[in-house]
Enquirer: 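Please read through the structure below; I'll follow up with questions.
Convention: sequence-line order gives letters A, B, ...; per-chain numbering from 1.
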Number of protein chains: 2
Amino acid sequence: MSRIIPNISVDCVIFGFDFNQLNVLLVERKLIDEKSNKVLIDDWTLTGYHILEEEDFDTAAARILKKMSGLDNIYLEQFYAFGGVKRVNSPKDMLWLQNQSEGFSERIVTVGYFSLIDNTSVTLSLKERNVKWFPISNLPTMGFDHREILEKALERLRAKLRSEPIGFELLPEKFTITQLQRLYEEVLGTTLDRRNFRKKVLQMKYVIPLDEKQKGVKHKPAQLFIFSREVYEKTKTERFDFSI
Amino acid sequence: MSRIIPNISVDCVIFGFDFNQLNVLLVERKLIDEKSNKVLIDDWTLTGYHILEEEDFDTAAARILKKMSGLDNIYLEQFYAFGGVKRVNSPKDMLWLQNQSEGFSERIVTVGYFSLIDNTSVTLSLKERNVKWFPISNLPTMGFDHREILEKALERLRAKLRSEPIGFELLPEKFTITQLQRLYEEVLGTTLDRRNFRKKVLQMKYVIPLDEKQKGVKHKPAQLFIFSREVYEKTKTERFDFSI
DNA sequence: TTGCAATGTGTAAATAATACGCATTAAAAG
DNA sequence: CTTTTAATGCGTATTATTTACACATTGCAA
């Protein structure tokens, strides 16, 4: 095992969509005083870790994601580096870092990645620590500057969702148009007209209809579609409108 | 003077527009063997430097920009962090780093910023080293992985230019519509219809006409405009179209 | 005075966005 | 087995935006 680089880490903001809400995966940070049994810290953080000597940022982010979700080959994108002098300065944060086996440096730079997964496909399995999905609209108290990092990730996700077809990464391979619409509504915080949305999506040649229907729903089952990145890359056109 | 952090640096991609071309500011990297007078290295790099112990990324980037261009209060945006294991591995790069007074670490992470300035307003003044504007379309051989960093910056500049009004940062305070159009054409690599572009821009309430005309041109002088960020923030609307 | 090299304006056609209403389907309830 | 329920799926009229394209105007310079 190669050594870690003490002052550089990678934090992953793992977004998941459950057909209804946008969620983020957090890890519990709990510290109990051994003598008094007093709870010194109990809050939640993003999933991050130092990078290793022989490791790129992308590799480190993929490693962390794999460890947390068990998943490989997932959409991952670097979105911002955080290196403020006062990133880590609350008493709780200091206390936590002093208790970690790797020791700590006062000035830790972290590179933020966000990843998009269909969270109905994930079974949480990390044994050592408590890991949970939280809806974006109802977050717990978070440690370090992770709340700020999450906000930046969200901002980037929203901006990118408007201009590139990354929403599909949050859905299973086969999805319905209504599911896609819910996703856009939830992430962008709007409501959209069902019929117009459908019309728009059906124009996109890279959203391909299947000869297959939804199963196990208690109403008329909808048609399933898949997204083809290949077709997208071939047919995309760039436009510009720094909006009015 | 506080100490530098040896393994973290900031690199600035300084873009300038001269009403015709998009340019980038580079610094010559020249190393001559003292005995033989042989030229060991002669190429160009971005303007970067290690960050200081008590300094944020943003502050470091502003410091570097000030040193290179003499300018303060300039548009600056972090766009990507580079930390690949093999970022610095050519013999020339190693040689250069060994010759720098600060010493070097093998694994240097750099945080990339790009900045936008009206390059007709800058007088280059850095005495110690040779600094020059190069058009994007005609770049010299570049050291380290700076070519790659520049490409990423350009990609981000283009993406942002499509969706946000940052082009004005590349123009003087007062500009003509034709200048704005040339800027968009040059950066996005397209040509646009003059009349339609004008129509589009005139709709934008945040591009405000002045009672003032261009001077010193040998043809009909055009009307001048200014950009108001304040009006933009008030009137902007978000749309979404992950394009067809 | 005239030529030059820009700026400044208008209109028609095509395309895309928005606002709606109603028939259809499959499962569940009676 | 009929009805109810809760979705899906489709169509059309209206408005707004984008695109394509031609000619008159202005101020300087020859």
Side-chain angles (χ1 to χ4, degrees), chain A residues 18-20 161-163 165 171-172 174-186 188 190-226 235-244, chain B residues 18-20 161-163 165 171-172 174-186 188 190-226 235-244:
Chain A
D18 59 11
F19 298 137
N20 186 36
L161 191 65
R162 282 179 204 283
S163 59
L171 294 172
K174 300 172 182 182
F175 54 87
T176 70
I177 292 187
T178 304
Q179 288 165 353
L180 187 63
Q181 183 182 342
R182 273 298 304 138
L183 164 59
Y184 274 81
E185 290 181 334
E186 169 71 8
L188 300 182
T190 48
T191 56
L192 301 166
D193 181 86
R194 203 164 52 78
R195 291 153 293 188
N196 293 333
F197 186 83
R198 163 175 293 269
K199 210 184 302 172
K200 185 162 184 164
V201 171
L202 290 179
Q203 285 185 337
M204 301 169 181
K205 297 199 183 97
Y206 52 85
V207 178
I208 300 168
L210 299 175
D211 258 343
E212 201 178 336
K213 293 188 173 181
Q214 229 179 353
K215 274 170 198 160
V217 286
K218 58 171 183 265
H219 54 264
K220 177 174 175 179
Q223 188 174 19
L224 293 172
F225 292 79
I226 55 170
T235 60
K236 72 176 169 185
T237 57
E238 307 281 11
R239 25 176 102 179
F240 93 94
D241 41 34
F242 46 115
S243 52
I244 297 175
Chain B
D18 59 9
F19 297 136
N20 186 36
L161 192 66
R162 282 179 203 284
S163 59
L171 293 172
K174 300 172 182 181
F175 53 87
T176 70
I177 292 188
T178 303
Q179 287 165 354
L180 186 64
Q181 182 182 342
R182 272 298 303 139
L183 164 58
Y184 274 81
E185 289 181 333
E186 169 71 8
L188 300 182
T190 48
T191 56
L192 301 166
D193 181 87
R194 204 163 53 79
R195 291 155 292 187
N196 292 335
F197 185 83
R198 163 174 293 269
K199 208 186 303 173
K200 185 161 185 164
V201 172
L202 291 179
Q203 284 183 338
M204 302 169 181
K205 297 199 181 99
Y206 52 84
V207 177
I208 301 168
L210 299 175
D211 259 343
E212 201 178 335
K213 292 190 173 178
Q214 228 179 352
K215 273 170 197 159
V217 285
K218 58 170 182 262
H219 53 266
K220 177 176 176 180
Q223 189 175 19
L224 293 172
F225 291 79
I226 54 169
T235 59
K236 74 175 166 187
T237 57
E238 307 281 10
R239 28 175 100 179
F240 92 94
D241 43 33
F242 47 115
S243 52
I244 297 179

Enquirer: Could you pull out the closest heavy-atom pair between A:Leu192 and A:Gln181, with the gap in Å?
Expert: O-NE2, 2.9 Å

Enquirer: What residues, two or more places apart in sequence or in another chain, satisfy salt bridge (charged side-chain N to carboxylate O under 4.0 Å, His left out) together with A:Lys213?
Expert: none

Enquirer: The criterion is salt bridge (charged side-chain N to carboxylate O under 4.0 Å, His left out); which residues satisfy it with B:Asp18, sequence neighbours excluded?
Expert: none

Enquirer: Using salt bridge (charged side-chain N to carboxylate O under 4.0 Å, His left out) as the criterion, list what pairs up with B:Lys220, not counting sequence neighbours.
Expert: none

Enquirer: Using atom CD of A:Gln214 as one end and atom C1' of C:dA26 as the other, report the distance to the nearest whole Å.
Expert: 11 Å

Enquirer: State which residues pass ring-ring contact (aromatic ring centres under 6.0 Å, His included) with A:Tyr184; sequence neighbours excluded, sorted by chain then number.
Expert: B:Phe240, B:Phe242

Enquirer: Rounded off to whole Å, could you give me the CZ-to-P distance for the B:Phe197 and C:dT7 pair?
Expert: 12 Å

Enquirer: Applying salt bridge (charged side-chain N to carboxylate O under 4.0 Å, His left out), name anything that partners B:Arg195, two or more places apart in sequence or on another chain.
Expert: B:Asp193

Enquirer: Quick one: what's the B/S/- string for nucleotides 20-30 of chain D, heavy-atom cutoff under 4.0 Å, read 5' to 3'?
Expert: BBB--BBBS--

Enquirer: Measure the distance from CZ on B:Arg198 to P on C:dT7 and round it to the nearest whole Å.
Expert: 8 Å

Enquirer: Figure out the CG/C1' separation between A:Leu180 and D:dT8, and round it to whole Å.
Expert: 15 Å

Enquirer: Identify whether any heavy atom of A:Thr176 sits under 4.0 Å from a base atom; if not, whether one sits that close to sugar-phosphate; answer base, sugar-phosphate or nothing.
Expert: nothing

Enquirer: For D:dA7 and A:Thr178 - does any side-chain N or O of the residue sit under 4.0 Å from the phosphate oxygens OP1/OP2?
Expert: no

Enquirer: Rounded to the Å, how far apart are A:Gln223 CD and C:dA26 P?
Expert: 13 Å

Enquirer: Rounded to the nearest Å, what distance is computed from the CG atom of residue A:Leu224 to the P atom of nucleotide D:dT8?
Expert: 12 Å

Enquirer: Atom CG of A:Leu202 to atom P of C:dA16: distance rounded to whole Å?
Expert: 14 Å

Enquirer: Nearest whole Å is fine: how far is C:dA19 C1' from A:Leu192 CG?
Expert: 14 Å

